[in-house]
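To start, the structure under review is shown below, and the notes come after it.
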Amino acid sequence: MCRVLKASRSGYYDWLKKDKFDAYRHELIELVKDLHEKKRQRLGSRRMSQELCKRGYQVGRYKARRLMREAGVECRQRRRVKVTTDSKHGYKCAPNLLQQQFETREPNCVWVADITAIWTLSGWIYLAAVMDLYNRQIVGWAIANNMRVELTLDALEMAIERCNPEPGLVHHSDRGSQYASTIYQDRLRQEGMIASMSRKGNCWDNAVMERFFGSLKSEWTDHCRYQGFHDASKDIAQFIEWEYNAGRGHTSLEGLAPAEVC
């Protein structure tokens, strides 16, 4: 014998909506857990929101924070740092032409360059990178187990080969001996580039590169226990070319990745 359920039409549809809402929230929480692991447990609420939006879920930063709390995930903290700027040298330093103006309207007008250190179980390795301010793309990079000028030159050569810039490009860096050296400055002049350098001890004068290195470490390398140079360099290359250049959306680029902005 069939029994008729005593439920109102509105109550039935409320139940359907609640069931769909619970399923949708469960789907979001599982996605948050998956992204947390795929991004090496380095996503904060802002980046988690961006990743969810890229996948079609309209989730703001504060909702992302609640979802992360419900999923039981938390962004890992940064590791130790190492100073890479040696400004105690006898080379002449260029004036600060950039003056913290980090927006350009065309590609290959302003490049910024810097060095950072990454820890492995075999000791420190060093990454030199060159960024185009137009789209925040890393156009040149090099990795070595030392900080000699050849490291920065290799990164510069990659950028030149990739982009073939016209004379007049402004090249901005810190006042480190690698960038101030005669051999590096001569190479800039050969390409018709104009040197610019940060003020002494002022990290804000090269803030966009500091931000890139911060993302590299907080979202990628700090999670890993690299055995040495080779596995670290391979993993860092993956972050630069695929995770950052091709995949990481920027608020300054309206959510697009650097490689998507021509």
Side-chain angles (χ1 to χ4, degrees), residues 84-87 91-117 126-144 147-200 202-216 236-237 239-241 243-246 248 250-253 256-262:
T84 55
T85 302
D86 174 22
S87 57
Y91 299 115
K92 183 179 178 180
C93 292
N96 183 0
L97 303 178
L98 202 56
Q99 295 294 327
Q100 298 186 19
Q101 298 300 312
F102 300 127
E103 302 297 328
T104 61
R105 294 184 177 181
E106 295 180 0
N108 300 319
C109 288
V110 182
W111 287 353
V112 293
D114 204 354
I115 305 171
T116 194
Y126 303 92
L127 166 69
V130 180
M131 175 191 289
D132 188 341
L133 279 188
Y134 172 69
N135 59 358
R136 302 300 196 266
Q137 184 167 0
I138 301 301
V139 291
W141 54 272
I143 305 172
M147 287 193 294
R148 289 193 286 268
V149 67
E150 288 79 11
L151 170 68
T152 53
L153 278 172
D154 286 345
L156 178 63
E157 294 297 345
M158 177 189 285
I160 292 170
E161 184 177 347
R162 278 184 167 181
C163 303
N164 191 27
E166 296 291 331
L169 179 148
V170 174
H171 175 287
H172 184 82
S173 67
D174 61 24
R175 301 161 67 94
S177 59
Q178 299 90 344
Y179 296 111
S181 67
T182 302
I183 186 173
Y184 197 91
Q185 290 298 310
D186 284 347
R187 189 69 185 96
L188 294 183
R189 281 188 286 271
Q190 288 172 9
E191 293 295 325
M193 297 184 187
I194 303 169
S196 169
M197 291 184 180
S198 303
R199 291 165 292 180
K200 188 174 183 178
N202 193 323
C203 63
W204 298 109
D205 285 347
N206 208 358
V208 286
M209 282 301 293
E210 297 287 347
R211 194 173 302 126
F212 164 70
F213 287 147
S215 297
L216 165 68
I236 292 165
F239 175 83
I240 293 173
E241 298 296 350
E243 182 68 19
Y244 180 83
N245 279 346
R248 191 180 192 277
H250 287 247
T251 53
S252 61
L253 303 177
L256 296 176
E260 295 176 304
V261 180
C262 300

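Side-chain atoms are counted along with the backbone in the values below, which use heavy atoms only and exclude waters and symmetry mates.
The shortest distance between side-chain heavy atoms of Tyr91 and Arg175 does not fall below 4.5 Å. In this structure the side chain of Thr152 never reaches within 4.5 angstrom of the side chain of Tyr126, judged on heavy atoms.
For the atom pair CD1 of Ile143 and CG of Asp154, the computed distance is 11.0 Å after rounding to the nearest 0.5 Å. Within the model, atoms CZ of Arg136 and OG of Ser215 stand 12.0 Å from one another, a figure rounded to the nearest 0.5 Å. Between Asp174 atom CG and Met197 atom CE the span is 8.0 Å, to the nearest 0.5 Å. In this structure, the separation between CG on Leu216 and OG1 on Thr116 is 7.0 Å, given to the nearest 0.5 Å. Atom CZ of Arg211 is separated from atom CG of Asn206 by 10.5 Å, given to the nearest 0.5 angstrom. Once rounded to the nearest 0.5 Å, the distance linking CD of Glu150 with CD1 of Ile183 reads 6.5 Å.
Residue Leu97 qualifies as enclosed at atom CG: its count of foreign heavy atoms under 6.0 Å is above 12. The 12-atom threshold is exceeded at CD of Gln100, counting heavy atoms of other residues, nucleotides or ligands nearer than 6.0 Å.
Legend: residues meeting salt bridge (Lys or Arg N to Asp or Glu O under 4.0 Å) with Glu210, ordered by chain and number and at least two apart, are absent. A search for side chain to side chain donor-acceptor pair (under 3.5 Å) contacts involving Ser196 returns His172, not counting sequence neighbours. Evaluation of the side chain to side chain donor-acceptor pair (under 3.5 Å) rule for Arg148 yields no partner, not counting sequence neighbours. Residues passing the salt bridge (Lys or Arg N to Asp or Glu O under 4.0 Å) test with Arg189, sequence neighbours excluded: Asp186. Residues passing the side chain to side chain donor-acceptor pair (under 3.5 Å) test with Glu157 are Arg187, sequence neighbours excluded. Under the ring-ring contact (aromatic ring centres under 6.0 Å, His included) criterion, Tyr184 pairs with His171, Tyr179, not counting sequence neighbours. Gln99 pairs by the side chain to side chain donor-acceptor pair (under 3.5 Å) definition with nothing, not counting sequence neighbours. The ring-ring contact (aromatic ring centres under 6.0 Å, His included) search around Phe102 returns none, not counting sequence neighbours.
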Please output the side-chain donor-acceptor pairs of residues 105-112 that fall under 3.5 Å, not counting sequence neighbours, one pair per line with the distance.
residue, atom, partner, partner atom, Å
Asn108, OD1, Trp111, NE1, 3.3

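Residue Ala195 comes nearest to Gln185 through the heavy atom pair CB-OE1, 3.3 Å, listed as atom of the first residue, atom of the second, then distance. Between Trp141 and Ile138, the shortest heavy-atom contact is CD1-CG2, 4.0 Å. Annotation for Met193 and Pro165: closest pair CE-CG, 3.9 Å, computed over non-hydrogen atoms. Annotation for Thr104 and Leu133: closest pair OG1-C, 3.8 Å, computed over non-hydrogen atoms. Across every non-hydrogen atom of Ala128 and Ala155, the tightest pair is O-CB, 3.6 Å. Of all heavy-atom pairs between Glu241 and Arg162, the closest is OE2-NH2, 2.6 Å.
Between the side chain of Ser173 and the backbone N or O of Ala113 there is no donor-acceptor pair closer than 3.5 Å.
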